[in-house]
2 protein chains.
Amino acid sequence: MGATKSYEFSTKENRLAKYAKALGHPARVAILKLLATKENCQCGDIVEELPLSQSTISQHLKELKDAGLVKGAIDGAKVCYCINEKEWKAAQVWINQLFDSYKGCNECC
Amino acid sequence: MGATKSYEFSTKENRLAKYAKALGHPARVAILKLLATKENCQCGDIVEELPLSQSTISQHLKELKDAGLVKGAIDGAKVCYCINEKEWKAAQVWINQLFDSYKGCNECC
DNA sequence: TCTTCTTATCGTAATATTGCGATATAAGTT
DNA sequence: AACTTATATCGCAATATTACGATAAGAAGA
């Protein structure tokens with residue numbers, strides 16, 4: 001036990017959960033905010049901005065890449081990280097679909 | 001090590017991450033979908049609907065409650081779980097704020 | 001009261017995540 | 001080539017999450 005039973009859930013549920021999970025850590029929220037507002041873009045800039053070590057940031061960036069929200073472009077010795085626009089918008093749509101499916105409660109609560 | 005360094009990040013980043021984390025598991029997505037569409041409401045209904053044990057569902061419900069997205073009202077021997085409308089909408093707004101902060105990329109990627 | 005039904009909690013095992021230092025890799029510089 | 005810079009990966013330790021059975025606790029019904 002201990003492993004998530006992803007196979008028991010639909011592709012949609014898993015995909016939404018994957019996006020949300022990527023957003024589920026303050027460091028990754030901070031990274032995405034930097035990338036989204038384009039204040040910083042290269043890995044080194046992010047490392048300087050956040051109170052975490054280089055290896056930890058690199059790991060968080062990898063998770064964001066795995067989730068599809070971010071992509072990296074090699075720029076000489078550096079790597080420029082950017083929002084993956086297509087998936088970014090898809091994630092927003094999917095998440096909003098869930099939020100919007102709530103039409104209010106009038107029975108028990 | 002191993003613990004998230006939440007204290008190093010802003011309240012906003014932590015709050016957004018908390019909401020997203022709650023959505024970051026397919027079972028919790030499924031539960032929220034049921035609650036949002038009001039197909040099912042009582043704990044027992046959810047247990048029947050999902051391929052997880054009663055204790056596991058109860059634990060997921062607790063996490064959703066801790067994140068603020070859900071509230072439970074005791075209804076005799078049963079408990080009626082509902083979306084916590086106020087926090088639900090707040091979560092949607094906060095998450096969309098992050099998504100909307102992205103204005104496109106035109107430099108490196 | 002005794003039993004049953006419903007939900008929460010405890011204990012435990014398996015697995016995943018977080019974080020960092022050390023090291024590897026790859027590109028640029030002198 | 002040797003050195004520096006930038007990023008990724010490895011290995012490890014600490015902690016968190018996921019899942020379940022067993023059990024507790026509360027309400028309802030016989």
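Basis for what follows: all heavy atoms, side chains included, without hydrogens, waters or symmetry-related copies. Sequence lines set the chain letters: A, B, ... in the order given, protein chains first and strands last, and positions in each chain run from 1.
- Along DNA chain D, the nucleotide nearest to A/Leu61 and the one nearest to A/Lys5 differ in position, and the one closer to the 5' end is contacted by A/Leu61.
- The side chain of B/His60 contributes an N or O atom lying less than 4.0 Å from OP1 or OP2 of D/dA19.
- Regarding contacts with the backbone of D/dT7, every side-chain N or O of A/Ser58 stays at 4.0 angstrom or more from both OP1 and OP2.
- Closest to the side chain of A/Thr56, out of D/dT7, C/dC20, D/dA27, is C/dC20.
- Comparing C/dG21, D/dA22, C/dT15 against the side chain of A/Ala3 picks out C/dT15 as the nearest.
- Between the side chains of B/Ser55 and B/Ser53, at least one donor-acceptor pair of N or O atoms lies under 3.5 Å.
- Which of D/dT18, C/dT9, C/dT7 sits closest to the side chain of B/Lys78 comes down to C/dT7.
- At least one side-chain nitrogen or oxygen of A/Tyr81 sits closer than 4.0 Å to the OP1 or OP2 atom of D/dA8.
- Between A/Gln54 and A/Thr4, the residue anchored closer to the 5' end of DNA chain C is A/Thr4, taking for each the nucleotide with the nearest heavy atom.
- OP1 and OP2 of D/dT7 both lie 4.0 Å or more from every side-chain N or O belonging to A/Lys62.
- Summarising the geometry, the separation between CD on A/Gln59 and P on C/dA22 is reported as 17 Å, rounded to the nearest angstrom.
- Side-chain nitrogen and oxygen atoms of A/His25 include at least one within less than 4.0 Å of the OP1 or OP2 phosphate oxygen of C/dG19.
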